[in-house]
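Written out below as structure tokens is the structure these notes cover.
Every chain is numbered from 1 and lettered A, B, ... according to where its sequence line falls, protein lines coming before strand lines. Computed over heavy atoms, backbone and side chain alike; hydrogens, waters and symmetry mates excluded.
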Amino acid sequence: MQTRINHVLNSINKIVLGKEQQVKLAMCCLLAGGHLLLEDLPGMGKTTLAQALAGVLGLSFKRIQFTSDLLPADILGGSVFDPASGNFSFREGPVFCQLLMADEINRATPRTQSALLEAMEEGQVTLDGETRALPEPFFVIATQNPSNLAGTYPLPESQTDRFLMCLSLGYPDAGAERELLKAFAVRHHQQVSESCLSDRDLHEIRDALANIHVSEVLLDYVQRLIAFTRNHKHFREGLSPRGGMAIMRAASCYALMHGRDYVSADDVQAVFAAVAEHRLQAHTEGLTAFSDTEQGGLGSWILASVNVLPGSH
Amino acid sequence: MVVNAAIPRTALIWILSVMVLLILPHLTRMPLWLIVLAGVCLTWRWLIYIGRANYPGRAVRAVALFAVAAATIVQYGGEGLSIDGTVILLISGCLLKLLEMRYRRDIYIVNTLAFLLLMAGFIYSQSILSGAYNLMVALLILASLISLNRAPDFTDGRIEQLRNLRLAGILMLQALPLMLILFVTVPRISPLWSVTQPSTASATGVSDRMSPGEISELARSTEIAFRVKFTANIPSPQHLYWRGLVLEDFDGSTWSRNYFTIGPRQDRDYQSDSSQAVLDYSIIMEPTQQNWLYAINVPDVNQPGVFLDNYNVLNVSRPVVQRFRYDVRSYTDVPSDLILGQRARNRALRLPEDGNPRARELAQQMRAQYSDDRQLTNAMLSRFRTEEYFYTLYPPLMPDNSIDDFLFDSQQGFCEHYAGALTFMLRAAGIPARVVVGYQGAEHNRFEDYLIVYQYNAHAWVEAWFEGVGWQQLDPTAWVAPDRIELGAEMLMRQNEQTLQDPAFAMLLLMDRPWLNALRLRMDSLEYSWNRWVLSYDETTQLAFLESLVGASRVKWLPAIMVAMLVLILAAVVAGSMFKNRRRHDPVVDTCLQFMNSFAGTKLARVPREGAYTFFQRLAQNNPECRDELDACARDINQMMYRSSMDSHNVLIKNELRALSTRLKRLSRQLARANKQSS
């Protein structure tokens, strides 16, 4: 299983250059069955990554570009009058696929956003009093521009909470950039044709996740992390239990991807920022406090502050 | 805690049922008005509970209070502060409180009262059965307290109640060791004041007066008089004469005890020639409300409050109102009163001026016939056998000249008739004689190897004084009905048709089935053990037990040890709760931390975010020569820390731990050497 996962990662890395860690985390997120939020500036390769993921997982892929006038029906679909038969027939919206890419999700109005987010949570769509199940598995990769850009409706906390991870790709390093620049003509709209993982593989991975061993030492660590976010004055509110469970889910999947049947503190540290950061909101004075002292964001600041092992005695 | 909050409904059901159970044992002692009050109060509270009635108003409550107080004073006021009156007052108070049990604080009061009432129950009965019953009620009171304090979890009510009951049971089980320790060690202080005894307890057993028909009345009772445990072998039945009182005064129909001549016995240092003649046994007597004890002649008791009088009767300073245990040593071959003083002789010969002329005449005739006292006595005894005499529990009534009537007309009598007649004739013939009352025979309980003496073993016999022999025991019954002595009173009852129709002996008939009899004896042996080890555990036995436990010389340290133990237990409880709150330490983590902390202060010191794995990787980068070992270590530690379960106390993990610890030591030596070389 691990070799196959490595194979998948390699083939994605051929398309998304120089972003090994982000690709790994994105993969981890999908394998853990969570939805992924990509937060970055336009043109950083968000769509490319999403397309590559859909390709290697062999999932049916659809994409919606969110705009401010997008309506729920544009996502979910709706009933259309058929003059020939004289009946209303349901026309499926783009949400009826296995991997949905919601581009620039924060450009749509909250009403439209919530239509999608409900589908994400329930795995089903209810229209005209009829409930229709979405295909299985169902992933959403949403991208969003940093919310300080003009014309955006920031997702409320309750909705960002639905995404298992939030990643930002960032600028590629010099070597990768050079590769990109060299092959600007070829790389455009390059697709992964061969799918490396089947639906069955995904199921197997989900089953294996249940058997990953979690030790008390690790639980202590995770609890310390959560407690830190709840007790520290820099945070408006701490991590919710759902957030804690998300950490565990992502960390176990990360361990599985590395061929281990137990979760170690390093797994937690690897996924922590991606899982926790978008669920946390820091006060402004806190933001300045740690962004001055530390490289990286909120997540790495927390990791640096919390002892991995129980305090010395 | 909100004391003014409404009462949880489940708690109310508990407390109401507890009240019913608490009142039940007192029912027979309760006056009629109290039973009516109980019915009214419980029903009213129930009606309030189901919403059919309202709480009584102030006026109703006031009237009820005064009525109850008045009724109690009228009924029990004359006796001063009697136990009965107090208990009745307590019960009625509890019942009235039920009617104003509106808030939480009220139900707390009722709960406390319930505990008080529970203890009051022990005044009347301390049997093993009532102990078990009260334990059950205590469980229910606890459950009611728990249901009062536990937030309802809105699941199935029945399951919730069962859970309360289980918690109460667990609490009681936890209290059990403490109870045992306290029972054994807490000093037994005799009560500082005495209270008048419950009126229901009337004197039972043999009395200090014997008129015809009195003992036969007693002999129809199957109640237990006392239980005896012999340290050595049990003597044969015909030697089991449990001597109670000596009755010397005769007024023509009734023999009675002469209280004016009783004095403590002076010559008490008995010596026995053969050890077989000495019997050691301990008796647990049921309460008699009387001042004397029973023992085999000649008894010697070394116990405060018990003294032997000049009639060889054991007297106690206070009436036996509770089960009473005493240890006796009897010297069966020691003669008593070899010299009879003139006054004593006169007392033992005194007869009424007139009455029973025929008996006197017969005695004179026989006196003329036999000059020797012993021969005369034997002749009188054998007369009971040779003439047509009958031994019966139901003798005809003999109003006046009872001895003459018995001796010459009816010739039917129970032991008291024979004993009285023989004493009378002996005295008429000039031989000093007296009547002795007590018990004869016993039932052997094979399960615990002790004897049970029932009221139907009640007996009367004679002691006559002979020159050179002293007082000698004579039993005319043995001549009339030898079965009574050899086979026991019970056998005799069985043979008699009339007795068997007596309802009191229905139980006896029932016991003919061997398994039922065995069951009865087992129950009795259980109760006997209970009496022996629990109820009679007083100051003396406590001291003896503790001395046997820790040695006589160390007993005086016991209070200090107890206090120390109490402090220790408290400390243990506190430490236990602190330990529980403390984080459990994982030995693997501890071992690694020890290693990693050794780098503290150097540039390699661990930062908080570094786990063992990352730290070792960093070490490996800094010390390339040990890289392989460090990498392997990092992997293994990661496995041990995160893969193995927390149960690090099993052997496998312990071995791994030891291996890890030696490995780390070796590693730090290696690193130190490498650093020295590089510097």
Side-chain angles (χ1 to χ4, degrees), chain A residues 21 208 211-229 232 247-248 251-256 258-273 276-277 290 293-313, chain B residues 578-602 604-621 630-650 652-653 656-657 660 664:
Chain A
Q21 187 57 23
N211 296 323
I212 295 276
H213 193 90
V214 177
S215 73
E216 303 279 333
V217 182
L218 185 93
L219 288 176
D220 283 348
Y221 177 46
V222 174
Q223 277 196 312
R224 271 197 299 277
L225 283 173
I226 295 170
F228 182 83
T229 65
H232 203 281
I247 293 174
M248 291 315 297
S252 345
C253 191
Y254 197 80
L256 186 80
H258 288 79
R260 271 183 279 112
D261 63 346
Y262 60 91
V263 187
S264 79
D266 303 279
D267 298 324
V268 174
Q269 291 186 342
V271 300
F272 183 76
E277 243 171 36
F290 63 73
T293 51
E294 285 284 333
Q295 301 284 315
L298 201 57
S300 39
W301 176 68
I302 296 169
L303 288 178
S305 313
V306 177
N307 204 336
V308 179
L309 298 172
S312 316
H313 43 271
Chain B
M578 276 166 68
F579 183 75
K580 216 173 176 183
N581 290 337
R582 216 182 57 152
R583 273 223 108 79
R584 287 184 297 169
H585 275 290
D586 190 290
V588 181
V589 172
D590 286 353
T591 316
C592 292
L593 273 176
Q594 208 183 343
F595 176 76
M596 293 190 285
N597 288 343
S598 67
F599 292 89
T602 68
L604 290 174
R606 186 177 79 91
V607 295
R609 78 163 286 174
E610 270 180 330
Y613 188 79
T614 342
F615 179 79
F616 275 87
Q617 298 263 303
R618 193 156 59 84
L619 265 191
Q621 274 173 15
L630 280 165
D631 276 350
C633 243
R635 261 198 317 280
D636 290 352
I637 287 172
N638 232 18
Q639 284 231 0
M640 283 174 81
M641 206 179 281
Y642 296 115
R643 190 184 194 184
S644 60
S645 56
M646 184 60 181
D647 184 22
S648 307
H649 300 290
N650 65 47
L652 192 76
I653 292 289
E656 280 181 28
L657 258 181
L660 177 71
L664 287 179

Value for CG (A:Asp267) from CG (B:Asn638), rounded to nearest 0.5 Å, stands at 8.0 Å
Give the minimum heavy-atom separation between B:Tyr642 and A:His213, together with the two atoms involved. O-CD2, 3.5 Å
Could you go through the side chain to side chain contact (heavy atoms under 4.5 Å, CB included) check for A:Asn307 and B:Arg606 one step at a time? CA-CA 10 Å; A:Asn307 204 336; B:Arg606 186 177 79 91; 2.8 Å; yes
Would you indicate whether A:Gln21, at its atom CD, is surrounded by more than 12 heavy atoms from other residues, nucleotides or ligands within a distance under 6.0 Å? yes
Minimum side-chain heavy-atom gap B:Glu610-A:Leu309 below 4.5 Å: no
